[in-house]
Amino acid sequence: MAQSQPYRYEPTATAGGLQAEHGGLEPGTETGERVTVAGRLMLRRVQGKLAFGTLQDSTGRIQLFARAAETPEFDAFCALSLGDWIGVTGQVMTTKRGELSVAVEAWCLLAETRRQFPDKWHGITDTDTRFRQRYVDLWVSDDEAAALRARSRIISLIRRWLEDRDFVEVETPTFHPIPGGATAKPFVTHHNALDMDLFLRIAPELYLKRLVVGGFERVFEIGRVYRNEGLSPRHNPEFTMLELYQAYADYTDMMSITEELVAHLAQEIRGTTVFEYEGRTLDLSVPWRRASMSDLIEEHAGVRVDLGTPIDELRRICEAHGVHIESGWGPGKLVLELYEKTTESNLWGPVFVTDYPKEVSPLARDHRELPGMVERFEPIVAGRELGNAFTELTDPDEQRARMEAQAAQKAAGDDEAMVVDDDYLRALEYGLPPTGGLGIGIDRLVMLLTGVSTIRDVILFPTLRPEQ
RNA sequence: GCGCCUCUAGCUCAAUGGCAGAGCAACGGACUCUUAAUCCGCAGGUUCUGGGUUCGAAUCCCAGGGGGCGCACCA
């Protein structure tokens, strides 16, 4: 071949671009346009002094048409391995059968594959191999690659949408001396020079609210958080959260942002806000239903409970519905557990589940009308929590009392409970304006918008045990 | 962490106690319009690992490993 494995190569066209530009040409057309394309050779059909190849790049596939008379080193071209990276220069044309092709007038090997590519028709079905060797899977699983590329686009769209509304993107620490902002078990690591343990963050929440204190009136972060919990089709130990905070706003504003943002993303990614997911119709059109947790429990469990329900009665109802009860749980925790057991996974949604017990919401502000409740909601779509939001608790004394109550629970053995963060409380003492906050799980959002059912299909390299 | 399922050639899969096989890929050959090209030929194995039962184990049993799903925990 003319040149092997060059240091640099300069494609002038892509497979997808050529298909878009020259689709529908008559069979036997010679456009006279010369292009250079590059990618992997994925299929090959050699027919004596004529060879056809299928080149795949990040935009799609294009046929290569090689005639022995005009293709340099024709035999070597025919001997390429499926999976080899090649570059090809030639005229854009269509074959007698009408297939858009690039005639191979010059070509070079950009990189060889020393390992055999998977079956060209079946691809890889073994999930283990797919996750471990994503670099191969991406070439042979088109739907998979599409979902992972859509993820990038979704995150880009979110950034643009928020920036258009004057939100400022920040990066806050992922090493936390005190884990906070959520109730979850953290990962612990150690800093040698400082000789101190650090926690990988379970949420950026407390730092972002510090920034609102600092004058970032609309702020957001899209970043990785880490929770030391089990794996499942909906859980990966590291996942990506969007958190945003808006000064002067409350949780109703967060509902508007949630439904408008998600509907916008659906429109951009799927071209519609109404589509099928897991065999059922999902309508993400604005506005979404809003319903209180108590009303929804009544709909799905057939019982009316609230914080005024006598505790013994509440325990009896929970047990009757199979909730595993621990001593120390107050009415708020019991109501939440009953909701999660009987109602949440049955909510198709989208629906904003509103009004959570204060007992289970240490960072949310007291409900302005309902005693014992806070102004909090979770958007539920397809039976899954898509996020969590509230009117933020701004009062430092109240916040200290809630953190101390959490710390007491932690001392009593609840390793997911929060601890007191004195610096955060000091920040509140300088004054946090009325603020609405929203967190959205990006991975689950991408699952929804791309139609996949397992979180590992939207994470490029999901957490796995080492191979051996 | 517990339960159930699963692991055979590079990939996709057969073989259900009796000689480990096929398709694609690879390798050799034929072929000037193919589309998962076709045709001929030829190779390819620690059946996840280690024990056990048996005349004989991919297959049955035990232990371990990877993965999937469910439960638990959570978003």
Side-chain angles (χ1 to χ4, degrees), chain A residues 27-28 41-54 61-71 74 78-83 93-101 103 113-133 136-137 139-141 181-186 202-203 225-243 322-324 326 336-337 340-341 344-345 378-381 383-389 414-416 439-445 447 453-456 462-468:
Chain A
L41 183 69
M42 297 304 284
L43 296 170
R44 181 186 45 209
R45 301 170 289 281
V46 177
Q47 189 154 345
K49 301 254 182 299
L50 196 59
F52 303 86
T54 300
R61 293 180 166 199
I62 185 79
Q63 178 164 275
L64 305 176
F65 178 75
R67 267 186 290 239
E70 64 188 33
T71 299
F74 179 77
C78 293
L80 286 167
S81 294
L82 298 188
M93 41 80 72
T94 56
T95 60
K96 286 180 186 170
R97 296 288 178 87
E99 180 78 17
L100 184 67
S101 308
T113 177
R114 297 187 185 183
R115 291 176 182 264
Q116 291 185 39
F117 255 56
D119 186 288
K120 60 191 175 189
W121 185 245
H122 297 99
I124 306 175
T125 58
D126 182 56
T127 49
D128 191 10
T129 308
R130 285 182 44 227
F131 301 150
R132 289 188 199 283
Q133 301 185 36
V136 180
D137 185 44
W139 286 98
V140 298
S141 302
T183 51
K185 274 173 270 188
I202 54 176
V225 299
Y226 309 86
R227 298 188 183 178
N228 205 340
E229 280 145 9
L231 288 70
S232 87
R234 290 160 293 283
H235 299 87
N236 197 62
E238 51 177 318
F239 62 102
T240 301
M241 284 263 286
L242 161 67
E243 281 201 13
V323 176
H324 170 71
E326 291 179 19
L336 179 69
E337 291 291 326
E340 289 184 347
K341 185 81 179 183
E344 185 175 277
S345 61
E378 288 190 354
I380 305 294
V381 185
R384 295 174 197 147
E385 296 165 41
L386 199 59
N388 190 15
D414 181 353
D415 52 8
E416 291 180 2
I440 290 180
I442 294 295
D443 310 86
R444 290 188 180 174
L445 180 61
M447 287 167 67
S453 295
T454 161
I455 197 167
R456 298 183 192 92
T463 304
L464 295 173
R465 284 191 165 88
E467 204 165 346
Q468 187 58 39

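What you see is a predicted model, and the numbers here were worked out from it, not measured in a lab. Side chains included, hydrogens not; waters and symmetry mates left out as well; all remaining heavy atoms used.
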If we take the [atom1] atom in both [N] and [M], what is their distance in whole Å?
| N | M | atom1 | value |
| --- | --- | --- | --- |
| B:rC69 | B:rG21 | C1' | 30 Å |
| B:rU54 | B:rA36 | C1' | 45 Å |
| B:rU16 | B:rG50 | C1' | 23 Å |
| B:rU47 | B:rA20 | P | 11 Å |
| B:rA9 | B:rA25 | C1' | 11 Å |
| B:rU38 | B:rC19 | P | 32 Å |
| B:rC24 | B:rA14 | C1' | 15 Å |
| B:rC61 | B:rC5 | P | 10 Å |

What is the distance, to the nearest angstrom, from the [atom1] atom on [X] to the [atom2] atom on [N]?
| X | N | atom1 | atom2 | value |
| --- | --- | --- | --- | --- |
| A:K185 | B:rA72 | NZ | P | 14 Å |
| A:I455 | B:rC69 | CD1 | P | 12 Å |
| A:I124 | B:rA9 | CD1 | P | 14 Å |
| A:L231 | B:rG68 | CG | P | 8 Å |
| A:E326 | B:rA72 | CD | P | 13 Å |
| A:L50 | B:rU32 | CG | C1' | 5 Å |
| A:Q116 | B:rG23 | CD | P | 15 Å |
| A:K96 | B:rU32 | NZ | P | 12 Å |

Applying a 4.0 Å non-hydrogen cut-off, can you work out what [X] is touching in the nucleic acid: base, sugar-phosphate, or nothing?
| X | result |
| --- | --- |
| A:V46 | base |
| A:F65 | base |
| A:R234 | base |
| A:G123 | sugar-phosphate |
| A:T125 | sugar-phosphate |
| A:N236 | base |
| A:I440 | nothing |
| A:E378 | nothing |
| A:R115 | nothing |
| A:R456 | sugar-phosphate |
| A:K120 | sugar-phosphate |
| A:D126 | sugar-phosphate |
| A:P233 | sugar-phosphate |

Quick check against the 3.5 Å criterion: does [X] have a side-chain atom that pairs as donor or acceptor with the backbone of [Y]?
| X | Y | result |
| --- | --- | --- |
| A:N236 | A:F239 | no |
| A:S101 | A:E99 | yes |
| A:D443 | A:I455 | no |
| A:R444 | A:R234 | yes |

Would you indicate which nucleotide in [options] comes nearest to any side-chain atom of [X]?
| X | options | result |
| --- | --- | --- |
| A:T183 | B:rC69, B:rA75, B:rC73 | B:rA75 |
| A:R132 | B:rC33, B:rU12, B:rG67 | B:rG67 |
| A:H122 | B:rC24, B:rG10, B:rU12 | B:rU12 |
| A:E99 | B:rC11, B:rA72, B:rU35 | B:rU35 |
| A:P118 | B:rC33, B:rU32, B:rC11 | B:rC11 |
| A:W121 | B:rA36, B:rC73, B:rC69 | B:rA36 |

Q. Do A:Y226 and A:I202 come within less than 4.5 Å of each other through their side chains, counting heavy atoms only?
A. no

Q: Could you tell me whether the side-chain ring of A:F52 sits stacked on the base of B:rA37, using a centroid cut-off under 5.5 Å and a plane angle under 30°?
A: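 Check failed, A:F52 does not stack on base of B:rA37.
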
Taking any strand in view, what nucleotide pairs with [N] in a Watson-Crick or G-U wobble way, both distances under 3.5 Å?
| N | answer |
| --- | --- |
| B:rU35 | none |
| B:rC71 | B:rG1 |
| B:rC60 | B:rG52 |
| B:rU16 | none |

Q: Please tell me which of A:D128 and A:A79 maps to the more 5' nucleotide of RNA chain B, matching each residue to the nucleotide holding its nearest heavy atom.
A: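 Its nearest nucleotide lies further toward 5', so the answer is A:A79.
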
Q: Could you check A:G441 against A:S81 and say which one's nearest nucleotide on RNA chain B is further toward the 5' end?
A: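 First, find each residue's nearest nucleotide; the 5'-ward one identifies A:S81.
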
Q.
Minimum heavy-atom separation for A:S81 and A:T113, please, with both atom names.
A.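 Heavy-atom minimum between the residues: CB-CG2, 4.1 Å.
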
Q. Any ion pair linking A:D128 and A:R132 (charged N to carboxylate O, less than 4.0 Å)?
A. yes

Q) Is A:R45 near enough to B:rU38 that one of its side-chain N or O atoms lies under 4.0 angstrom from OP1 or OP2? A)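 Looking at the OP1 and OP2 atoms of B:rU38, neither is under 4.0 Å from any side-chain N or O of A:R45.
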
Q.
So, OP1 or OP2 of B:rC33: does either fall under 4.0 Å of a side-chain N or O from A:Q47?
A.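 Yes.
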
Q) Do A:D119 and B:rG23 share a donor-acceptor pair, side chain to base, under 3.5 Å? A)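 Side chain to base: pair found, below 3.5 Å.
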
Q: Identify, with sequence neighbours excluded, every residue that meets side chain to side chain donor-acceptor pair (under 3.5 Å) alongside A:E416.
A: none

Q. Between the side chains of A:R45 and A:Q63, is a donor N or O closer than 3.5 angstrom to an acceptor N or O?
A. yes

